[in-house]
Asker: 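This is the structure I have questions about; it appears just below.
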2 protein chains.
Amino acid sequence: MMRTRPLKVALLGCGVVGSEVTRIMTTHADDLAARIGAPVELAGIAVRRPEKVRDGVPAELITTDATALVKRGDIDVVIEVIGGIEPARGLITTAFEHGASVVSANKALVAADGAALHAAAEKHNADLYYEAAVAGAIPLVRPLRESLAGDKVNRVLGIVNGTTNFILDKMDSTGAGYSEALDEATALGYAEADPTADVEGFDAAAKAAILAGIAFHTRVTIDDVHREGLTEVTAADIASAKRMGCTVKLLAICERAADGASVTARVHPAMIPLTHPLASVREAYNAVFVEADAAGRLMFYGPGAGGSPTASAVLGDLVAVCRNKLAGATGPGESAYTALPVSPMGEVVTRYHISLDVADKPGVLAQVATVFAEHGVSIDTVRQQGKDGEADLVVVTHRATDAALSSTVGALRELDTVRGVVSIMRVEGE
Amino acid sequence: MMRTRPLKVALLGCGVVGSEVTRIMTTHADDLAARIGAPVELAGIAVRRPEKVRDGVPAELITTDATALVKRGDIDVVIEVIGGIEPARGLITTAFEHGASVVSANKALVAADGAALHAAAEKHNADLYYEAAVAGAIPLVRPLRESLAGDKVNRVLGIVNGTTNFILDKMDSTGAGYSEALDEATALGYAEADPTADVEGFDAAAKAAILAGIAFHTRVTIDDVHREGLTEVTAADIASAKRMGCTVKLLAICERAADGASVTARVHPAMIPLTHPLASVREAYNAVFVEADAAGRLMFYGPGAGGSPTASAVLGDLVAVCRNKLAGATGPGESAYTALPVSPMGEVVTRYHISLDVADKPGVLAQVATVFAEHGVSIDTVRQQGKDGEADLVVVTHRATDAALSSTVGALRELDTVRGVVSIMRVEGE
């Protein structure tokens, strides 16, 4: 039995994602109505530049007054695809105050201020859904929040930024350096004019914060996430990874500590073995592993960005939020009851690949090995290659804390025989 | 704010999955309560053999009278992990009549009678959830039903039976024949004493029916699914696939016809290129591709069976159903509004690998090629290898209907120069 009075939707932002949301809501109105149990109607679209030509977007719905739109009082759901902190945050809060539920694709805002937004939603008995904020169309928020709600997630590890994966994939497949690969990504539209958010890892860190919070039922903000971008990754690093049977990926890693009493979240480049499924994730695709007590290892893979995939996630949330509205209920909100603290990076335990430029003379390896031993970092393999009185020394460690590794590297720099620490990279995925 | 009166759960069946559900409900009671918003309590466990020792299962909860348990009147949720059609169907129906919602792992029942069960659930304002019925812990039912509810799914293609994947993986990696690989699967516990449901494709066909129905918002039962098992797959087929850069997998494939007016669902062995992500799914793992208009290609991967993974899916559903109960709402039920007909296998369009035993003399290839042309089946590649007056002729076709291919093969058998049709296998994943 279908309700005939339509649910009214306000769309905030009409860029690549907003246009696609509009297109699908218009062309697939009957399907959406059948799946929701009532028709949905776009009641208004708030944009900054109303003069911009937007094919397929009804001109009569365009407004520049987003605040007035969310305050109208008859809006059931607000879709926010503006991005950034303000005005998105203010508009979402106003939407809740005026009885609307919210579907957002805004990773930066949710990662910075998710707790307050969830509290506002709960106070006004509204929904806040944001599947589109993490990994585009790949279902991750809903599987973590709902499908795995009866399980205990221990680890989330994945590639959640398409731009950096494109760059690293190019570097790996062509031998290009970072700048050259970035230029190609920009030319092909995979990187923005200002690529900072992607290449410095801010985008991935926001997603890591969101995933960690949901996975571990605690609060993690972007400030809790250790973040290293890929601007320091060199062609030599990639070549060195290849010699080890590895490739380099920018990974987001969220882990529950072995004792279960804390969690960590980090984003950094890391070597992973070519045999690991993440190694074969090419171009701008995303893929995320979730490891849980009962479920084991799950992987989710797909296009991590782009107008259509993001719109798919937004519309999936729209259907859910509308159904909840019709049922007079709300979906699962924030679940942060474990209140697990987020440990600093120093407590993270992993393996490391360290490349040193050393003097090529007897006793150097013994000196280096002694420094590792003194700091409690156990060596797995060493590879040494001499050339004209100098040598490349590559050390791969067993698992050690980041703090122990940092102390080791500090002490290595003090050695006369160590000319330089060429690179340090974590090794994951084993 | 947590409700203190517990939600009461009746468990039907206490085998591998049921024991694990019991264990997790007992050891993770606090987590489940926090995530649901109320404690959940196991009120009774119905089994056939009460004398069997079940570690960690409270003896006082055991009963042999499943009907009385679901009729108690105070049961909020019934978890059905008995399997098979009866008594599961009768018990689930009785559960709905007595006010309970149902979580089931029963693929056979849902694939045979899902529409009637959904109708019964709806009539009694109850939920029927069955994530565990398809691909163990891998979230598929919920992503298809909810995450992709705003998208248009065109294709679901995957490995949904772990036993057969284990067998084919062994055949591929060791060169073993089917019987030998099945023996190993049985010895290792991957295949049951009577492997019929797995190796004849019944299990995969049930899953294909469920996935097709949800993906295309229509009704598909197991009887609508074209089914071929893997008992006919030979070591020679696998070797032939390897020569083509392929491997053989038992695939479940659900497709929307190009004109959108019908759907197909089928399970059969098929060659897929080694470069396809499904080719690298090893042992008893499952993986499913979902292709949708806006989302693009998504892949879901993980353990497709086993007590713990299946229990993870059951408990995820339990949390959702309990939340719905507390909200006085129900989740999404059956969505079959498109009412798309299921086309017969003859209308399926794909590629074929045909291996023929022919006389090694001039003109045979021309004869064979003529038969293909007469039936409108276009040839992609031909490989011929002679030996002592006979020859192996391997033909790979372009895309053609199954009906056209069948007619072609019928006509080939009539040719004097064709001694035998050694094998016919579909080629997928391109």
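Quick note on labels: first sequence line is chain A, next is B, and so on, each numbered from 1. We use all heavy atoms of the structure for the numbers below, so side chains are in, but hydrogens, waters and symmetry mates are not. Everything numeric in this text was worked out from a predicted model, so none of it was measured.
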Asker: Which region of Y337(A), side chain (C-beta onward) or backbone (N, CA, C, O), has a non-hydrogen atom less than 4.5 Å from a non-hydrogen atom of chain B, or is it both or neither?
Answerer: side chain

Asker: Can you tell me which portion of L32(A) sits under 4.5 Å from chain B's heavy atoms? Options are side chain, backbone, both or neither.
Answerer: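 Interface part for L32(A): side chain.
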
Asker: Treating E131(A) as the side-chain partner and L140(A) as the backbone partner, does any N or O pair qualify as donor plus acceptor under 3.5 Å?
Answerer: yes

Asker: I'd like to verify something: which residue of G307(B), A313(B), P332(B), S280(B) has the highest number of heavy-atom pairs under 4.5 Å with chain A?
Answerer: P332(B)

Asker: Based on non-hydrogen pairs under 4.5 Å, which of A137(A), G302(A), P143(A), A149(A) is most in contact with chain B?
Answerer: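 Highest number of heavy-atom pairs under 4.5 Å: A149(A).
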
Asker: CD1/I159(B) to NZ/K249(B) distance, rounded to the nearest 0.5 angstrom?
Answerer: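 That separation rounds to 4.5 Å.
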
Asker: Testing the 3.5 Å rule here: is there a donor-acceptor pair between the side chains of H217(B) and T338(B)?
Answerer: no

Asker: Hey, which of G316(A), A311(A), A287(A), A295(A) has the most heavy atom pairs under 4.5 Å with chain B?
Answerer: A295(A)

Asker: Looking at R23(A) and G56(A), would you say the former's side chain and the latter's main chain have a donor-acceptor pair under 3.5 Å?
Answerer: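 Pair absent, no side-chain N/O of R23(A) close to backbone of G56(A).
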
Asker: Please determine which of R142(B), R35(B), R145(B) meets the salt bridge (charged side-chain N to carboxylate O under 4.0 Å, His left out) test together with E146(A).
Answerer: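 The single option meeting the salt bridge (charged side-chain N to carboxylate O under 4.0 Å, His left out) with E146(A) is R142(B).
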
Asker: Please name the pair of heavy atoms, one in F166(A) and one in L188(A), separated by the smallest distance, quoted to 0.1 Å.
Answerer: CZ-CD1, 3.5 Å

Asker: Whether the N165(A) and N286(A) side chains hold a donor-acceptor pair (N or O, under 3.5 Å, no angle test) is what I'd like checked.
Answerer: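 The answer is no; no qualifying pair exists.
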
Asker: Give the interface residues of residues 317-327 of chain B toward chain A, defined by a heavy-atom separation under 4.5 Å.
Answerer: V319(B), R323(B), A327(B)

Asker: Give a yes or no on whether the backbone of A294(B) and the side-chain of D151(B) come within a donor-acceptor separation of less than 3.5 Å.
Answerer: yes

Asker: Relative to chain A, which of L298(B), L148(B), L315(B) shows the most heavy atom pairs under 4.5 Å?
Answerer: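 That would be L298(B).
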
Asker: Checking the side chain of K8(B) only, and the main-chain atoms of D76(B) only, is there a donor and an acceptor separated by less than 3.5 Å?
Answerer: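 Looks like no, no N/O pair under 3.5 Å.
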
